[in-house]
Amino acid sequence: MQIERERISYKIGERIRQFRVLRGLSQEELAFASEINPTYLGRLERGEKCPTVDTLYKVSLGLKLPLHELLDISAALEPTQSEAMHRIQTALDGLSEADAVQVAEIVEKVAALRKSDA
């Protein structure tokens with residue numbers, strides 16, 4: 001259940017970012033138009049926060065977009081490589097340089113094992 005929620009948050013964040021960029025808005029401009037904190041908007045776009053319906057409605061107004069269009073994540077919720085990279089980066093946040101290097105080595109070893117099995 002938690003993974004599904006994280007995927008949905010990530011997909012919604014992607015949609016927000018895509019529409020914001022398409023409209024040529026900075027995060028600050030969209031946050032102002034949506035009446036939300038710019039830092040919070042950044043966390044939404046990165047999928048770090050699961051927004052309330054009220055927040056999504058504010059963002060859709062800021063984007064001048066119907067709420068249902070913002071929420072249309074009908075594409076399969078299968079993890080993408082981009083999402084996988086995001087999850088790895090999120091997991092690395094806050095680790096020391098040495099710990100991050102160790103995690104990278106583990107990921108490399110697992111990837112090499114998976115490639116050799118293929």
Side-chain angles (χ1 to χ4, degrees):
M1 180 71 173
Q2 183 66 23
I3 291 174
E4 216 38 49
R5 182 179 175 154
E6 289 172 6
R7 287 183 188 161
I8 291 169
S9 294
Y10 180 79
K11 291 287 188 183
I12 289 174
E14 269 187 339
R15 302 268 308 161
I16 292 170
R17 182 177 22 256
Q18 288 168 350
F19 283 116
R20 177 180 60 77
V21 170
L22 187 64
R23 283 163 172 67
L25 297 171
S26 68
Q27 279 187 344
E28 265 190 4
E29 290 168 327
L30 178 55
F32 179 75
S34 303
E35 298 180 353
I36 62 174
N37 186 290
T39 302
Y40 185 68
L41 177 63
R43 296 187 76 191
L44 289 177
E45 286 190 1
R46 290 187 300 275
E48 295 172 3
K49 286 290 188 180
C50 187
T52 64
V53 173
D54 183 52
T55 299
L56 290 170
Y57 181 69
K58 287 178 179 182
V59 172
S60 72
L61 290 177
L63 289 167
K64 296 178 175 44
L65 182 73
L67 179 58
H68 73 272
E69 197 168 335
L70 181 63
L71 294 174
D72 183 10
I73 56 170
S74 57
L77 290 179
E78 293 300 315
T80 62
Q81 186 168 6
S82 172
E83 182 179 353
M85 295 303 293
H86 169 75
R87 289 174 58 198
I88 291 169
Q89 182 60 50
T90 300
L92 291 173
D93 288 346
L95 293 181
S96 70
E97 183 73 24
D99 288 342
V101 168
Q102 286 181 332
V103 170
E105 290 170 357
I106 292 168
V107 169
E108 290 168 346
K109 288 177 183 175
V110 170
L113 287 171
R114 300 290 290 183
K115 288 177 185 176
S116 67
D117 287 345

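Scope of the values below: all heavy atoms of this structure, side chains included, with no hydrogens, waters or symmetry mates. One is the number of the first residue; the rest follow in order along the sequence.
For residues 30-39, the set of pairs meeting the side-chain hydrogen bond (donor to acceptor under 3.5 Å, both in side chains) definition, not counting sequence neighbours, comprises Asn37-Thr39. Under the side-chain hydrogen bond (donor to acceptor under 3.5 Å, both in side chains) criterion, the residue pairs touching residues 97-108 are Ser96-Asp99, with sequence neighbours excluded.
Under the 4.5 Å side-chain heavy-atom criterion for grouping Ile, Leu, Val, Met, Phe, Trp and Tyr, Leu95 is connected to Val107 within one hydrophobic cluster.
Arg20 places a side-chain N or O within 3.5 Å of a backbone atom of Leu25 that can act as its donor or acceptor partner. Between the Ser60 side chain and the Tyr57 main chain, a donor and an acceptor come within less than 3.5 Å of each other.
Interatomic distance, CZ of Arg114 versus OG of Ser116, reported as 9.5 Å (0.5 Å rounding).
Annotation: side chain of Leu30 is in contact with side chain of Ile16 (closest heavy-atom distance under 4.5 Å). Looking only at side-chain heavy atoms (C-beta outward), Glu28 and Pro38 come within less than 4.5 Å of each other. In this structure the side chain of Leu44 never reaches within 4.5 angstrom of the side chain of Ile12, judged on heavy atoms.
Arg46 and Tyr10 get closest at one heavy-atom pair: O-CD1, 4.1 Å. Closest non-hydrogen pair, Leu70 versus Leu56, comes out as CD2-O, 3.7 Å. When all heavy atoms of Arg17 and Glu45 are compared, the pair lying nearest together is NH2-O, 3.0 Å.
Partner of Leu63 under the side-chain contact (heavy atoms from CB on, under 4.5 Å) criterion, chosen from Leu67, Leu65, Leu61: Leu65.
For the side chain to side chain donor-acceptor pair (under 3.5 Å) test, residues two or more places apart in sequence or in another chain that qualify with Thr55 are Thr52.
A salt bridge is defined here as a Lys NZ or Arg NE, NH1 or NH2 lying under 4.0 Å from an Asp or Glu carboxylate O, and Arg23 with Glu29 fails to meet this definition.
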